[in-house]
Amino acid sequence: MKHYTPSIDEKVIDDAIQARLQLFSKTPYDREKDVPFFVADMKKIVQQHQRWRSALPNIHPFYAVKCNPDPKLLQLLADMDVNFDCASLAEIEQVLEMGVDPSRIIFAHPCKARSALLIAAQREVQLTTFDNSDELDKIHEISPELELLLRIYAQDHTAKVALGEKFGALVEIARTLLKKARRLKLKVVGVCFHIGSGASNPNAFVTAVQHAKCVFDYGKSLGFDMQILDVGGGFEDNNFEPMAHALRKAIAREFTSPPKLIAEPGRFYASGFYTMVCQVVARRIQKGITTKLPDMLYLNDGLYGSFSMKWSEGKTFVPTLIQSSEISAPARRDWKPHRYSIWGPTCDSMDCISKEVVMDQEIMIGDWLRFRDMGGKLT
Ligand SMILES: *Cc1c(COP(=O)(O)O)cnc(C)c1O
(Lines give C-alpha, C1' and ligand atoms only; values in the text may rest on other atoms or scores of the structure.)
Protein backbone atom coordinates (compact mmCIF):
# COMPACT_ATOMS: atom_id res chain seq x y z
CA MET A 1 0.00 0.00 0.00
CA LYS A 2 1.21 3.46 -0.95
CA HIS A 3 1.47 5.95 1.85
CA TYR A 4 1.43 9.68 1.41
CA THR A 5 4.73 11.22 2.50
CA PRO A 6 4.75 14.97 2.14
CA SER A 7 7.82 16.85 0.89
CA ILE A 8 9.05 19.76 3.03
CA ASP A 9 7.03 22.27 0.98
CA GLU A 10 3.96 20.05 1.14
CA LYS A 11 4.37 19.71 4.89
CA VAL A 12 4.07 23.48 5.25
CA ILE A 13 0.79 23.32 3.32
CA ASP A 14 -0.44 20.38 5.37
CA ASP A 15 0.36 22.15 8.62
CA ALA A 16 -1.69 25.12 7.38
CA ILE A 17 -4.58 22.77 6.56
CA GLN A 18 -4.42 21.17 10.01
CA ALA A 19 -4.34 24.60 11.64
CA ARG A 20 -7.50 25.55 9.70
CA LEU A 21 -9.24 22.31 10.67
CA GLN A 22 -8.45 23.00 14.33
CA LEU A 23 -10.52 26.18 14.10
CA PHE A 24 -13.72 24.26 13.41
CA SER A 25 -15.81 23.25 16.34
CA LYS A 26 -15.84 19.59 17.23
CA THR A 27 -19.48 19.14 16.32
CA PRO A 28 -20.32 17.57 12.96
CA TYR A 29 -23.17 20.09 12.59
CA ASP A 30 -20.92 23.12 12.08
CA ARG A 31 -22.11 24.90 8.92
CA GLU A 32 -18.65 26.40 8.46
CA LYS A 33 -17.41 22.98 7.50
CA ASP A 34 -19.71 22.94 4.49
CA VAL A 35 -17.59 25.60 2.84
CA PRO A 36 -14.53 24.23 1.06
CA PHE A 37 -11.32 26.16 1.64
CA PHE A 38 -8.01 26.81 -0.08
CA VAL A 39 -4.46 27.00 1.16
CA ALA A 40 -2.26 29.23 -0.98
CA ASP A 41 1.43 28.59 -1.60
CA MET A 42 3.39 31.78 -2.29
CA LYS A 43 6.66 29.91 -2.55
CA LYS A 44 5.37 27.90 -5.48
CA ILE A 45 4.80 31.11 -7.44
CA VAL A 46 8.35 32.28 -6.79
CA GLN A 47 9.63 28.89 -7.97
CA GLN A 48 7.56 29.04 -11.17
CA HIS A 49 8.87 32.51 -11.88
CA GLN A 50 12.45 31.27 -11.46
CA ARG A 51 11.73 28.50 -13.94
CA TRP A 52 10.33 31.05 -16.35
CA ARG A 53 13.35 33.32 -15.98
CA SER A 54 15.82 30.55 -16.63
CA ALA A 55 13.98 28.91 -19.57
CA LEU A 56 12.70 32.08 -21.29
CA PRO A 57 14.97 34.89 -20.08
CA ASN A 58 14.18 37.18 -23.01
CA ILE A 59 10.39 36.84 -22.89
CA HIS A 60 8.63 39.17 -20.47
CA PRO A 61 5.61 37.42 -18.92
CA PHE A 62 2.23 39.18 -18.75
CA TYR A 63 0.27 36.99 -16.31
CA ALA A 64 -3.24 36.14 -17.57
CA VAL A 65 -5.33 37.48 -14.69
CA LYS A 66 -8.43 35.46 -15.69
CA CYS A 67 -6.67 32.27 -14.51
CA ASN A 68 -6.76 33.40 -10.90
CA PRO A 69 -7.28 37.00 -9.79
CA ASP A 70 -6.37 36.41 -6.12
CA PRO A 71 -5.03 39.80 -4.90
CA LYS A 72 -2.12 38.17 -3.06
CA LEU A 73 -1.05 36.33 -6.19
CA LEU A 74 -1.29 39.49 -8.31
CA GLN A 75 0.70 41.53 -5.79
CA LEU A 76 3.47 38.95 -5.59
CA LEU A 77 3.69 38.81 -9.38
CA ALA A 78 3.71 42.60 -9.64
CA ASP A 79 6.55 42.73 -7.11
CA MET A 80 8.51 40.23 -9.22
CA ASP A 81 8.16 42.54 -12.24
CA VAL A 82 5.62 40.30 -13.98
CA ASN A 83 3.17 42.34 -16.07
CA PHE A 84 -0.53 41.64 -16.67
CA ASP A 85 -2.77 40.28 -19.41
CA CYS A 86 -6.30 41.48 -18.66
CA ALA A 87 -9.27 40.01 -20.51
CA SER A 88 -11.91 42.39 -19.15
CA LEU A 89 -12.41 45.87 -17.81
CA ALA A 90 -12.93 44.47 -14.32
CA GLU A 91 -9.49 42.85 -14.44
CA ILE A 92 -7.91 46.08 -15.72
CA GLU A 93 -9.49 48.01 -12.86
CA GLN A 94 -8.34 45.47 -10.28
CA VAL A 95 -4.74 45.63 -11.52
CA LEU A 96 -4.73 49.44 -11.73
CA GLU A 97 -6.09 49.69 -8.19
CA MET A 98 -3.00 47.84 -6.99
CA GLY A 99 -0.98 50.77 -8.26
CA VAL A 100 0.37 48.99 -11.32
CA ASP A 101 1.22 51.35 -14.16
CA PRO A 102 -1.11 51.00 -17.18
CA SER A 103 1.95 50.52 -19.41
CA ARG A 104 2.32 47.09 -17.72
CA ILE A 105 -1.10 45.91 -18.94
CA ILE A 106 -2.14 44.33 -22.21
CA PHE A 107 -5.89 44.21 -22.85
CA ALA A 108 -5.55 40.84 -24.55
CA HIS A 109 -9.09 40.22 -25.75
CA PRO A 110 -9.63 40.51 -29.51
CA CYS A 111 -13.39 41.22 -29.22
CA LYS A 112 -14.16 43.96 -26.74
CA ALA A 113 -17.29 45.87 -25.78
CA ARG A 114 -17.34 49.52 -26.86
CA SER A 115 -17.46 50.71 -23.27
CA ALA A 116 -14.45 48.57 -22.42
CA LEU A 117 -12.46 50.09 -25.27
CA LEU A 118 -13.35 53.60 -24.24
CA ILE A 119 -12.62 53.17 -20.54
CA ALA A 120 -9.41 51.18 -21.08
CA ALA A 121 -8.09 53.98 -23.29
CA GLN A 122 -9.16 56.61 -20.75
CA ARG A 123 -7.27 54.68 -18.07
CA GLU A 124 -4.20 54.88 -20.31
CA VAL A 125 -3.88 51.22 -21.16
CA GLN A 126 -1.79 51.34 -24.32
CA LEU A 127 -1.80 47.86 -25.77
CA THR A 128 -4.64 45.64 -27.00
CA THR A 129 -5.28 42.89 -29.54
CA PHE A 130 -7.63 42.43 -32.51
CA ASP A 131 -8.33 39.68 -35.04
CA ASN A 132 -11.24 40.94 -37.16
CA SER A 133 -12.31 43.81 -39.34
CA ASP A 134 -15.22 45.07 -37.22
CA GLU A 135 -12.95 45.40 -34.21
CA LEU A 136 -10.72 47.72 -36.26
CA ASP A 137 -13.75 49.92 -37.02
CA LYS A 138 -14.60 50.06 -33.32
CA ILE A 139 -11.05 50.92 -32.34
CA HIS A 140 -10.88 53.56 -35.08
CA GLU A 141 -14.07 55.15 -33.79
CA ILE A 142 -13.47 54.87 -30.03
CA SER A 143 -9.78 54.59 -29.19
CA PRO A 144 -7.56 55.12 -32.25
CA GLU A 145 -4.53 55.89 -30.07
CA LEU A 146 -4.30 52.28 -28.79
CA GLU A 147 -1.34 50.20 -29.94
CA LEU A 148 -2.45 46.95 -31.52
CA LEU A 149 -1.24 43.39 -31.75
CA LEU A 150 -2.81 41.31 -34.50
CA ARG A 151 -3.87 37.95 -33.11
CA ILE A 152 -3.21 35.24 -35.65
CA TYR A 153 -4.68 31.76 -35.70
CA ALA A 154 -2.56 29.15 -33.95
CA GLN A 155 -3.50 25.71 -32.75
CA ASP A 156 -1.96 22.80 -30.95
CA HIS A 157 -4.53 20.14 -31.77
CA THR A 158 -3.43 18.14 -28.75
CA ALA A 159 -4.05 21.08 -26.37
CA LYS A 160 -6.56 20.46 -23.59
CA VAL A 161 -8.43 23.62 -24.47
CA ALA A 162 -8.37 24.77 -28.09
CA LEU A 163 -8.68 28.53 -28.40
CA GLY A 164 -8.20 28.71 -32.18
CA GLU A 165 -11.87 27.93 -32.72
CA LYS A 166 -12.80 31.21 -31.15
CA PHE A 167 -10.02 33.67 -31.94
CA GLY A 168 -7.24 34.31 -34.40
CA ALA A 169 -6.98 35.42 -38.04
CA LEU A 170 -5.48 33.16 -40.69
CA VAL A 171 -2.38 34.60 -42.35
CA GLU A 172 -4.28 35.55 -45.54
CA ILE A 173 -6.94 37.39 -43.55
CA ALA A 174 -4.26 38.97 -41.40
CA ARG A 175 -2.88 40.63 -44.54
CA THR A 176 -6.29 42.11 -45.37
CA LEU A 177 -6.65 43.34 -41.79
CA LEU A 178 -3.24 45.02 -41.92
CA LYS A 179 -4.20 46.82 -45.13
CA LYS A 180 -7.39 48.04 -43.52
CA ALA A 181 -5.57 49.14 -40.35
CA ARG A 182 -3.21 51.09 -42.59
CA ARG A 183 -6.12 52.84 -44.31
CA LEU A 184 -7.60 53.72 -40.93
CA LYS A 185 -4.18 55.00 -39.78
CA LEU A 186 -4.19 52.70 -36.74
CA LYS A 187 -1.06 51.71 -34.86
CA VAL A 188 -0.33 48.02 -35.35
CA VAL A 189 2.87 47.28 -33.42
CA GLY A 190 3.12 43.49 -33.56
CA VAL A 191 1.62 40.03 -33.62
CA CYS A 192 0.24 37.69 -30.95
CA PHE A 193 -1.06 34.12 -30.83
CA HIS A 194 -2.18 31.50 -28.32
CA ILE A 195 -1.60 27.85 -29.20
CA GLY A 196 -4.23 26.62 -26.70
CA SER A 197 -4.23 25.88 -23.00
CA GLY A 198 -2.54 22.73 -21.84
CA ALA A 199 -0.48 22.52 -25.02
CA SER A 200 2.07 19.76 -25.47
CA ASN A 201 3.10 19.79 -29.12
CA PRO A 202 6.24 21.91 -29.66
CA ASN A 203 5.52 22.05 -33.40
CA ALA A 204 2.52 24.26 -32.65
CA PHE A 205 4.99 26.92 -31.49
CA VAL A 206 7.16 26.39 -34.56
CA THR A 207 4.23 26.91 -36.95
CA ALA A 208 2.84 29.85 -34.98
CA VAL A 209 6.22 31.62 -34.97
CA GLN A 210 6.59 31.05 -38.73
CA HIS A 211 3.17 32.53 -39.38
CA ALA A 212 3.91 35.42 -37.05
CA LYS A 213 7.09 36.15 -39.02
CA CYS A 214 5.12 36.28 -42.31
CA VAL A 215 2.66 38.73 -40.81
CA PHE A 216 5.48 40.75 -39.25
CA ASP A 217 7.19 41.11 -42.61
CA TYR A 218 3.98 42.04 -44.35
CA GLY A 219 3.24 44.66 -41.70
CA LYS A 220 6.70 46.14 -42.13
CA SER A 221 6.25 46.25 -45.89
CA LEU A 222 3.11 48.32 -45.35
CA GLY A 223 5.04 50.74 -43.18
CA PHE A 224 3.99 49.59 -39.69
CA ASP A 225 6.57 49.79 -36.93
CA MET A 226 6.34 46.11 -35.95
CA GLN A 227 8.09 45.77 -32.59
CA ILE A 228 6.36 43.16 -30.43
CA LEU A 229 5.90 39.42 -30.71
CA ASP A 230 3.51 38.07 -28.07
CA VAL A 231 3.71 34.28 -27.84
CA GLY A 232 0.60 33.91 -25.65
CA GLY A 233 0.01 31.26 -23.00
CA GLY A 234 -0.52 27.52 -22.98
CA PHE A 235 2.50 26.68 -20.83
CA GLU A 236 2.10 23.67 -18.58
CA ASP A 237 3.86 22.69 -15.42
CA ASN A 238 4.82 19.20 -16.59
CA ASN A 239 6.37 20.02 -19.98
CA PHE A 240 7.39 23.63 -19.57
CA GLU A 241 11.14 23.32 -20.23
CA PRO A 242 10.91 21.33 -23.51
CA MET A 243 8.13 23.59 -24.83
CA ALA A 244 10.14 26.68 -23.88
CA HIS A 245 13.17 25.25 -25.63
CA ALA A 246 11.20 24.65 -28.85
CA LEU A 247 9.79 28.16 -28.69
CA ARG A 248 13.18 29.77 -28.21
CA LYS A 249 14.66 27.82 -31.07
CA ALA A 250 11.78 28.72 -33.39
CA ILE A 251 12.14 32.43 -32.60
CA ALA A 252 15.91 32.33 -33.15
CA ARG A 253 15.42 30.57 -36.49
CA GLU A 254 12.74 32.91 -37.84
CA PHE A 255 13.85 36.29 -36.54
CA THR A 256 17.41 37.37 -37.27
CA SER A 257 16.99 40.40 -35.05
CA PRO A 258 14.34 39.41 -32.53
CA PRO A 259 11.59 41.90 -31.72
CA LYS A 260 10.52 42.71 -28.18
CA LEU A 261 9.19 39.40 -26.82
CA ILE A 262 6.30 39.04 -24.41
CA ALA A 263 4.02 36.15 -23.33
CA GLU A 264 0.73 35.63 -21.51
CA PRO A 265 1.21 32.63 -19.20
CA GLY A 266 -1.75 31.91 -16.94
CA ARG A 267 -2.03 28.45 -15.53
CA PHE A 268 1.73 27.92 -15.52
CA TYR A 269 1.89 30.42 -12.66
CA ALA A 270 -1.53 29.91 -11.07
CA SER A 271 -2.17 26.15 -10.97
CA GLY A 272 0.07 25.22 -8.07
CA PHE A 273 -0.99 28.25 -6.03
CA TYR A 274 -4.02 26.62 -4.41
CA THR A 275 -4.51 23.36 -2.63
CA MET A 276 -8.22 22.87 -2.04
CA VAL A 277 -9.84 21.05 0.85
CA CYS A 278 -13.40 19.72 0.67
CA GLN A 279 -15.43 17.62 3.00
CA VAL A 280 -17.19 14.38 2.14
CA VAL A 281 -20.83 15.08 2.97
CA ALA A 282 -22.44 11.85 1.79
CA ARG A 283 -21.56 8.43 0.48
CA ARG A 284 -23.36 5.68 -1.42
CA ILE A 285 -22.09 2.14 -1.15
CA GLN A 286 -23.03 0.26 -4.32
CA LYS A 287 -24.18 -2.89 -2.61
CA GLY A 288 -26.41 -5.41 -4.24
CA ILE A 289 -26.56 -3.62 -7.63
CA THR A 290 -23.39 -4.80 -9.25
CA THR A 291 -19.92 -5.14 -7.87
CA LYS A 292 -18.51 -3.34 -10.93
CA LEU A 293 -19.66 0.17 -10.01
CA PRO A 294 -17.39 2.20 -7.75
CA ASP A 295 -18.87 3.53 -4.53
CA MET A 296 -19.95 7.18 -4.66
CA LEU A 297 -18.69 10.16 -2.65
CA TYR A 298 -20.55 13.48 -2.57
CA LEU A 299 -18.56 16.64 -1.77
CA ASN A 300 -19.48 20.21 -0.88
CA ASP A 301 -18.06 21.62 -4.13
CA GLY A 302 -18.23 20.58 -7.76
CA LEU A 303 -18.30 21.59 -11.42
CA TYR A 304 -20.45 24.65 -10.73
CA GLY A 305 -17.80 25.85 -8.27
CA SER A 306 -14.08 25.35 -8.02
CA PHE A 307 -13.96 22.38 -10.36
CA SER A 308 -15.28 24.38 -13.31
CA MET A 309 -12.12 23.73 -15.37
CA LYS A 310 -13.44 20.20 -15.71
CA TRP A 311 -16.01 21.46 -18.25
CA SER A 312 -13.35 22.47 -20.71
CA GLU A 313 -10.48 20.19 -19.85
CA GLY A 314 -12.10 16.89 -18.93
CA LYS A 315 -9.44 16.61 -16.25
CA THR A 316 -9.58 13.78 -13.70
CA PHE A 317 -9.17 15.00 -10.17
CA VAL A 318 -7.51 12.61 -7.75
CA PRO A 319 -7.68 13.72 -4.13
CA THR A 320 -5.77 12.45 -1.13
CA LEU A 321 -7.20 11.89 2.31
CA ILE A 322 -6.52 14.30 5.13
CA GLN A 323 -6.94 12.31 8.26
CA SER A 324 -9.16 14.12 10.65
CA SER A 325 -8.93 13.46 14.35
CA GLU A 326 -12.71 13.78 14.42
CA ILE A 327 -13.62 10.56 12.68
CA SER A 328 -14.89 8.77 15.72
CA ALA A 329 -13.57 5.32 15.08
CA PRO A 330 -10.51 5.46 12.85
CA ALA A 331 -9.83 1.86 13.72
CA ARG A 332 -12.93 0.82 11.76
CA ARG A 333 -11.66 2.35 8.54
CA ASP A 334 -10.73 -0.24 5.93
CA TRP A 335 -7.11 0.46 4.98
CA LYS A 336 -7.24 -1.27 1.63
CA PRO A 337 -7.52 0.56 -1.74
CA HIS A 338 -11.09 1.57 -2.67
CA ARG A 339 -12.62 2.72 -5.96
CA TYR A 340 -14.84 5.79 -5.91
CA SER A 341 -16.70 8.12 -8.20
CA ILE A 342 -16.72 11.68 -6.81
CA TRP A 343 -19.69 14.03 -7.19
CA GLY A 344 -20.48 17.69 -6.60
CA PRO A 345 -23.35 18.97 -4.45
CA THR A 346 -25.86 19.98 -7.17
CA CYS A 347 -28.66 17.76 -8.46
CA ASP A 348 -27.20 17.85 -11.98
CA SER A 349 -25.86 14.44 -12.98
CA MET A 350 -23.20 16.21 -15.07
CA ASP A 351 -21.76 17.46 -11.79
CA CYS A 352 -19.24 14.61 -11.55
CA ILE A 353 -15.75 15.54 -10.39
CA SER A 354 -14.13 12.17 -11.12
CA LYS A 355 -15.78 9.17 -12.75
CA GLU A 356 -13.46 6.74 -11.06
CA VAL A 357 -10.45 7.11 -8.80
CA VAL A 358 -8.65 4.62 -6.60
CA MET A 359 -8.06 5.88 -3.08
CA ASP A 360 -5.51 4.20 -0.83
CA GLN A 361 -8.14 3.53 1.80
CA GLU A 362 -11.83 3.69 2.53
CA ILE A 363 -13.25 7.23 2.62
CA MET A 364 -15.88 8.09 5.21
CA ILE A 365 -18.44 10.85 5.70
CA GLY A 366 -16.77 13.79 7.44
CA ASP A 367 -13.38 13.03 5.89
CA TRP A 368 -11.50 15.90 4.28
CA LEU A 369 -10.07 15.48 0.80
CA ARG A 370 -7.07 17.41 -0.50
CA PHE A 371 -6.98 18.46 -4.18
CA ARG A 372 -3.68 19.90 -5.39
CA ASP A 373 -3.08 22.30 -8.29
CA MET A 374 -6.48 23.96 -8.04
CA GLY A 375 -5.18 27.49 -8.59
CA GLY A 376 -5.72 27.92 -12.31
CA LYS A 377 -9.09 28.32 -14.00
CA LEU A 378 -10.10 29.14 -17.51
CA THR A 379 -12.98 31.52 -17.79
C1 LIG B 1 -6.53 32.20 -21.25
C2 LIG B 1 -5.56 33.05 -21.96
C3 LIG B 1 -4.23 33.07 -21.57
C4 LIG B 1 -3.67 32.15 -20.50
O5 LIG B 1 -3.59 30.85 -21.01
P6 LIG B 1 -2.87 29.68 -20.22
O7 LIG B 1 -3.09 28.50 -21.06
O8 LIG B 1 -3.50 29.59 -18.89
O9 LIG B 1 -1.42 30.05 -20.13
C10 LIG B 1 -3.38 33.94 -22.22
N11 LIG B 1 -3.81 34.75 -23.21
C12 LIG B 1 -5.10 34.77 -23.62
C13 LIG B 1 -5.51 35.71 -24.69
C14 LIG B 1 -6.01 33.90 -23.02
O15 LIG B 1 -7.28 33.88 -23.45
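Counting starts at 1 for both ligands and their atoms, following the listed order.
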Any atoms of ligand 1 less than 4.0 Å from a non-hydrogen atom of [X]? List them with their elements.
X	answer
Ser197	5 (O), 6 (P), 7 (O), 8 (O)
Asp85	10 (C), 11 (N), 12 (C)
Gly233	9 (O)
Ala108	13 (C)

Quiz item: Can an N or O of Gly266 be found at a distance shorter than 3.5 Å from an N or O of ligand 1?
Solution: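 The answer is yes, given that Gly266 and ligand 1 share an N or O pair closer than 3.5 Å.
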
Quiz item: So, does Pro265 sit close enough to ligand 1 that a heavy atom of it is under 4.0 Å from the ligand?
Solution: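 Pro265: in contact with ligand 1 (<4.0 Å).
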
Quiz item: Can you tell me if Cys67 has a non-hydrogen atom under 4.0 Å from ligand 1?
Solution: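 It does, in that a heavy atom of Cys67 comes within the 4.0 Å cut-off of ligand 1.
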
Self-check item: Atom of Met359, atom of Leu321 and distance for their closest heavy-atom approach
Solution: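 What the structure gives for the nearest pair is CE-N, 4.1 Å.
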
Quiz prompt | Closest non-hydrogen atom pair, Glu264 against Ala108 | solution =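 Looking at all heavy atoms of both residues, the shortest contact is OE2-CB, 3.5 Å.
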
Quiz item: Any side-chain donor paired with an acceptor under 3.5 Å for Asp301 and Ser306?
Solution: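 Yes.
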
Quiz item: Going by distance alone, is a donor N or O of one side chain under 3.5 Å from an acceptor N or O of the other, for Asp79 and Gln75?
Solution: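 Gln75 and Asp79 do have a side-chain donor-acceptor pair below 3.5 Å.
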
For ligand 1, indicate whether the residue [X] contacts it via side chain, backbone, both or neither (heavy-atom separation under 4.0 Å).
X	answer
His109	neither
Arg151	side chain
Thr129	neither
Glu264	both

Quiz item: Per the ring-ring contact (aromatic ring centres under 6.0 Å, His included) rule, which among Phe273, Phe371, Tyr274 passes with Phe38?
Solution: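 The residue from Phe273, Phe371, Tyr274 that satisfies ring-ring contact (aromatic ring centres under 6.0 Å, His included) with Phe38 turns out to be Tyr274.
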
Quiz prompt | Heavy-atom nearest option to atom 4 (C) of ligand 1, drawn from Ala270, Ala64, Gly234, Gly376 | solution =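 Answer by nearest heavy atom: Ala64.
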
Quiz prompt | N/O donor-acceptor pair under 3.5 Å between Asn300 side chain and Lys33 backbone | solution =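 Between the backbone of Lys33 and the side chain of Asn300 there is a qualifying donor-acceptor contact (under 3.5 Å).
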
Quiz item: Under 6.0 Å between the ring centres of Trp52 and Tyr63?
Solution: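 Not close enough - the centres of the two rings lie 6.0 Å or further apart.
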
Practice problem: Determine, for Phe37 and Arg20, whether the Lys NZ or Arg CZ falls below 6.0 Å from the six-membered ring centre while staying within 45 degrees of the axis. | Solution: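 Judged by the rule, Arg20 and Phe37 form a cation-pi pair.
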
